[in-house]
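Start at 1 and go down the list; that is how both ligands and their atoms are numbered. What you see is a predicted model; the values in this text were computed from it and never measured. Both backbone and side-chain heavy atoms feed into the values below; hydrogens, waters and symmetry mates do not.
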Amino acid sequence: MGGPSSEERARRFYVVREEEIKAGNVVDVYFLRTMEALKRLRLENTRVVAEVAARSLPRSRRGGRFEWGVLAGVEEVVKLLEGRDVDLYSLPDGSIFQAGLPVMRIEGPYSEFGPLETSILGFICSLSGVATAAAHVKVAAGGKPVVNFGIRRNHPAISLAIERASLIGGLDGSSGILIEELGFKPMGTMPHALIVIAGDQVTAWRAFDEAVPEEVPRIALVDTFCDEKTEAIKAAEALGERLRGVRLDTPSSRRGNMEEIIREVRWELDVRGYEHVKIFVSGGLDEVSVERLAKAGADAFGVGSRICGADPVDFGMDVVEVEGVPRAKRGIKSGAKDVFRCPECLRYFVVRKGAEAPTCPDCGVRTELAYVKFLERGKIVSELPTVAELRERTLSQLRAMGLLPPVE
Ligand code: PCP
């Protein structure tokens, strides 16, 4: 785990390569100094149990903090620790969790994983932050489609990781072409540039309709030169049945009362027989505005900064047991723990490791072990689900919690 070599320093975009992350080069220096101190005490290979839990959850735009989060980044931690002499237990990606809940437990010689704390936390703090914001926006949309339009807000090197986390958070799609690797079709409409360069809206919309593959929904951007109502009617008249929707990306300087604009566009389309045309809204949206606009009649949303620029989850990793003896810093409960979950109400129960499965006092049913054992002495021993499976996992919990409408 030495420092970066000269050739590694020769970086075009100052991006850290995957093999450097795997080698442990993304590390806070104090972990390397800790290893030197422990070596002096011949304690570097002390067997420890460490747990990861959130100190708090990110702030909601409604005020206060989120009451629940969505876990993401676990697969990356599994791959980071693969090959090291550790056992890893964790809630799977796509798990709803609360602050203080030990979502992950790592067991083994400290030297095998201690100095990787920076990257372990880096993965789950940042990616769970994105997945959590995505899920809260999805809930605010009342189950209506929400697409990630925000990779332009991130360093390109992490765009795919961010998109994946937003899908784990329950979003319906994302705009970057690389998500094909994850089994998702990239989603998007058209930028203002197309209409500005074409010089008029109808020429641009028709060119788009003639140019793009048939399976791409025809969603016309209707706020470039004139009022949204005027352009929406024009788009419907220009493309008729082929028009799936209109996108309102109204510049903030013109966003008086967006709900009223949406209701007006809806009315004008319907009185002219264009009930089939959906209303897609984007630009500066968050869980508060999405909820309001969904109630006003918007059918789908494109959200960027609120999701891709989401605050990280404040996870911490703490040693809780040393050579089998419970020992932890102040504020952290010592001793290795297991986490069980009630299959009915989804409530978690934290018990001493190896203890009996508790019975849920509310539902009267036996709880189930929520931890999945992903690594045994560094060997992957559990399936790593697809993004689609993880996304469905998040959505089914949100439905069970009554936060999303049941699937029709
Ligand atoms: C971009 C896109 C969405 C914006 C960004 C999403 O808009 O169309 O509206 O990001 P946000 O949630 O962070 O605002 P523009 O760049 O204004 O427009 P264009 O579509 O022309 O690229």
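- When side chains are defined from C-beta on, Tyr89 does not count as touching Met104, because their heavy atoms never get closer than 4.5 Å.
- The single protein non-hydrogen atom nearest to atom 16 (O) of ligand 1 is Arg152 NH1, 3.0 Å, given as residue, atom name and distance.
- Note on ligand 1: Gly150 sits outside its first shell, no heavy atom being nearer than 4.0 Å.
- A salt bridge is absent between Asp338 and Arg352: the closest approach of a Lys/Arg side-chain nitrogen to an acidic carboxylate oxygen does not fall below 4.0 angstrom.
- Taking the side chain as every heavy atom from C-beta outward, Lys79 and Glu76 never approach each other to under 4.5 Å.
- Remark: minimum distance from atom 20 (O) of ligand 1 to any protein heavy atom is reached at Arg247 NH2, 2.8 Å.
- With salt bridges taken as basic N to acidic carboxylate O contacts below 4.0 Å, one links Glu75 and Arg164.
- By the 4.0 Å N-to-carboxylate-O rule, Asp227 lies too far from Lys229 to be salt-bridged with it.
- Not a single N or O atom of Val303, backbone or side chain, sits closer than 3.5 Å to an N or O atom of ligand 1.
- Paired with Arg62 under the rule side-chain hydrogen bond (donor to acceptor under 3.5 Å, both in side chains), one option of Glu291, His136, Glu287 passes, and it is Glu291.
- When hydrogens are left out, the protein atom nearest atom 13 (O) of ligand 1 is Ser305 OG, 2.3 Å; that is the closest non-hydrogen contact.
- Close contacts of ligand 1 with Ser282, meaning ligand atoms under 4.0 Å from a residue heavy atom, involve 9 (O).
- Between the choices Arg153, Arg306, Met190, the shortest heavy-atom distance to atom 10 (O) of ligand 1 belongs to Arg153.
- Taking only nitrogen or oxygen atoms, main chain and side chain alike, His192 reaches within less than 3.5 Å of ligand 1.
- Residue-to-ligand polar distances place Gly304 within reach of ligand 1: an N/O pair is separated by less than 3.5 Å.
- The side-chain heavy atoms of Phe374 and Ile380, taken from C-beta on, include no pair separated by under 4.5 Å.
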